[in-house]
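Heavy atoms only: backbone and side chains are in, while hydrogens, waters and symmetry mates are out. Numbers restart at 1 for each chain; the letters A, B, ... are given by sequence-line order, proteins then strands.
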2 protein chains.
Amino acid sequence: MVSTGVASADMTAARTPTGTAPTRGRRPGRSIGDDRETAILATAERLLGQRAFGDISIDDLARGAGISRPTFYFYFPSKDAVLLALLDRVTEEANAAAGDVLDRLAEDPRARWRELIARFHATFGGHRAVVLACAQVRGTNAEVRRLWAEVLERWVRAVEAAIESERRRGAAPDGLPARDLAIALNSMNERVWYATFAGDGPAVAERDVVDVLLDVWLTAIYRTTAPPARPVSRPG
Amino acid sequence: MVSTGVASADMTAARTPTGTAPTRGRRPGRSIGDDRETAILATAERLLGQRAFGDISIDDLARGAGISRPTFYFYFPSKDAVLLALLDRVTEEANAAAGDVLDRLAEDPRARWRELIARFHATFGGHRAVVLACAQVRGTNAEVRRLWAEVLERWVRAVEAAIESERRRGAAPDGLPARDLAIALNSMNERVWYATFAGDGPAVAERDVVDVLLDVWLTAIYRTTAPPARPVSRPG
DNA sequence: GAGGCCAGTCAACACGCCGTCGAGTGCGCT
DNA sequence: AGCGCACTCGACGGCGTGTTGACTGGCCTC
């Protein structure tokens, strides 16, 4: 019943209400607004490293970017929109980092799964302030929740397909529906990383977290921590 | 740097600043204040079923309990303290529901682990509004975060001990440090339940969630979904 | 080169919620 | 009769938010 209503992907674009490309056409190069916008983004990521998202006011963001509070609204419709833009950059980076490792599982399953988890770990760890802030406001902000659900769905589908592929080639046994398994494993990673980066409550040491997650993934998918690289020849 | 400072377990007790038992001594039975207090709690849990915690004002809580806003502060120091009291009741119920199943694992490991997970599921599902609200504000409220970390630590320790016990009796193979494994599995459950109850993003169907979690637990701990009830006789 | 449009800017306002203060009321005990 | 305490609330000050309306200066058109 919170009702977000309209709000769509253009939440980050306050200016140029026309559907055309922003700030392009008349002025070929960068307008002054681009500088301000990136300044706000930079200020936000810097401030997030120092205090919680809720303790950062719009005035802080504006002052940090060298503008007044009303001017902030010229660039972003709300504080949350800034975080959304930051999250967008991180998830894109994560997607790029993941690459096509899942297509090359048969080469060496254990090594490839580890590569996947390690790359996500590196990406999130490199922007932990943003990731933590998003996890914190996901509860209160429908837009962040929606965007996160979208990227998670994408990763779940990729893992689901990979599990099914491994089952088809005989490397992984049948069992849980691949989608359910993919959801459970992705969920585990998310929560474990959060605890590790946040450092509150029971957490796995940052040094060990990739191998711990990998172990659970492998046993859940293959029932062993040493899955075969080539199809097993079934007797009969 | 948010600095909670003093804040301790007495966050829920605003009245009777003396260290003695609250409202006891002069009046033997229940004072009118007890009614108000439970009315606030009941209003909070009811309202949480309708809208998010952040969209509930202290005035809403007060009006719902038939008192004015300032009077609310006589009973609770803040809105968060109400949620904390609610969470306290739920975790106590969960602890009670868990009982001693972990001490009876050897009888029938699969059945006992399933019982444990199913009981937690039932408890959380019965108070999903409270659980969801806590997950949402854990990011912004240090007290909720601390309390949740405490109860999680307790469960992690219990599971860790159970895993080590299963390894000692030869039912479970060695592998990851038991504590890391316990953290990963508990984290998974928390996040998966959250998604299932919240219904946003990729989630396991509520009907299946216990069996999905169970499967991952068993494979991670035993490398099989059918762990032995009695010690295996090792060759040699 | 006069006119206008438009990106960009901010002082000032209205709103909502929060936490507190100080002034009450009525009951029970002395 | 009178003190004390559980309990109550009107009213205030503060903070952060989002909006309004007016202002500047560059560039483009006629």
Side-chain angles (χ1 to χ4, degrees), chain A residues 4-7 11 13-18 20-40 44 47 51-83 137 140-141 143, chain B residues 5-7 11 13-18 20-40 47 51-83 137 140-141 143:
Chain A
T4 47
V6 283
M11 186 174 177
R15 53 189 168 141
T16 61
T18 59
T20 62
T23 326
R24 297 286 174 261
R26 192 171 54 148
R27 206 104 56 86
R30 344 182 353 89
S31 72
I32 182 170
D34 286 346
D35 292 338
R36 300 295 194 203
E37 192 172 320
T38 56
I40 292 174
L47 254 32
R51 48 191 203 267
F53 185 69
D55 294 332
I56 299 173
S57 73
I58 290 183
D59 201 51
D60 294 332
L61 259 24
R63 301 260 166 236
I67 56 178
S68 74
R69 202 167 56 80
T71 301
F72 168 91
Y73 287 99
F74 181 81
Y75 294 102
F76 292 95
S78 68
K79 196 174 62 167
D80 292 348
V82 177
L83 187 56
V137 307
T140 60
N141 180 305
E143 280 305 303
Chain B
V6 282
M11 186 174 176
R15 52 188 169 141
T16 63
T18 59
T20 62
T23 327
R24 297 287 174 261
R26 190 170 54 146
R27 206 104 55 86
R30 347 183 348 92
S31 72
I32 183 171
D34 286 345
D35 292 337
R36 300 294 195 203
E37 194 172 319
T38 55
I40 293 175
L47 254 33
R51 47 190 202 266
F53 185 69
D55 294 332
I56 299 173
S57 72
I58 290 183
D59 201 49
D60 294 331
L61 259 24
R63 300 259 166 238
I67 57 178
S68 72
R69 202 167 56 81
T71 300
F72 167 91
Y73 287 98
F74 180 80
Y75 294 102
F76 293 95
S78 69
K79 195 173 62 166
D80 292 348
V82 177
L83 187 56
V137 307
T140 60
N141 180 304
E143 280 304 302

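Between the base of C:dG19 and the side chain of B:R69 there is a donor-acceptor pair shorter than 3.5 Å.
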How far apart are the C-alpha atoms of A:E143 and A:D80, what are their side-chain angles, what is the distance that settles it, and do they pass the side chain to side chain contact (heavy atoms under 4.5 Å, CB included) test? CA-CA 8 Å; A:E143 280 305 303; A:D80 292 348; over 6 Å; no
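Under a 3.5 Å cut-off, the side chain of A:K79 and the backbone N or O of A:I56 do form a donor-acceptor pair.
Of the candidate nucleotides D:dG10, C:dT9, C:dG19, C:dT9 has the atom lying nearest to any side-chain atom of A:Y75. Of the candidate nucleotides C:dC10, D:dT17, C:dG19, D:dT17 has the atom lying nearest to any side-chain atom of A:K79. With distances taken from any side-chain atom of A:P70 to the nucleotides D:dA11, D:dT19, C:dC18, the minimum falls on D:dT19. Distance from the side chain of A:F74 is smallest for C:dG8 among the nucleotides D:dT8, C:dG8, C:dC18.
Residue A:S57 is classed as a sugar-phosphate contact, given heavy-atom separations below 4.0 Å to backbone atoms only.
Between A:L61 and A:F76 there is no side-chain heavy-atom pair separated by less than 4.5 Å. B:I58 is listed as a side-chain neighbour of B:Y73, based on a closest heavy-atom distance under 4.5 Å.
Close to C:dT9, at under 4.0 Å from its OP1 or OP2, lies a side-chain N or O of A:R36. The side chain of A:T71 contributes no N or O atom lying less than 4.0 Å from OP1 or OP2 of C:dT9.
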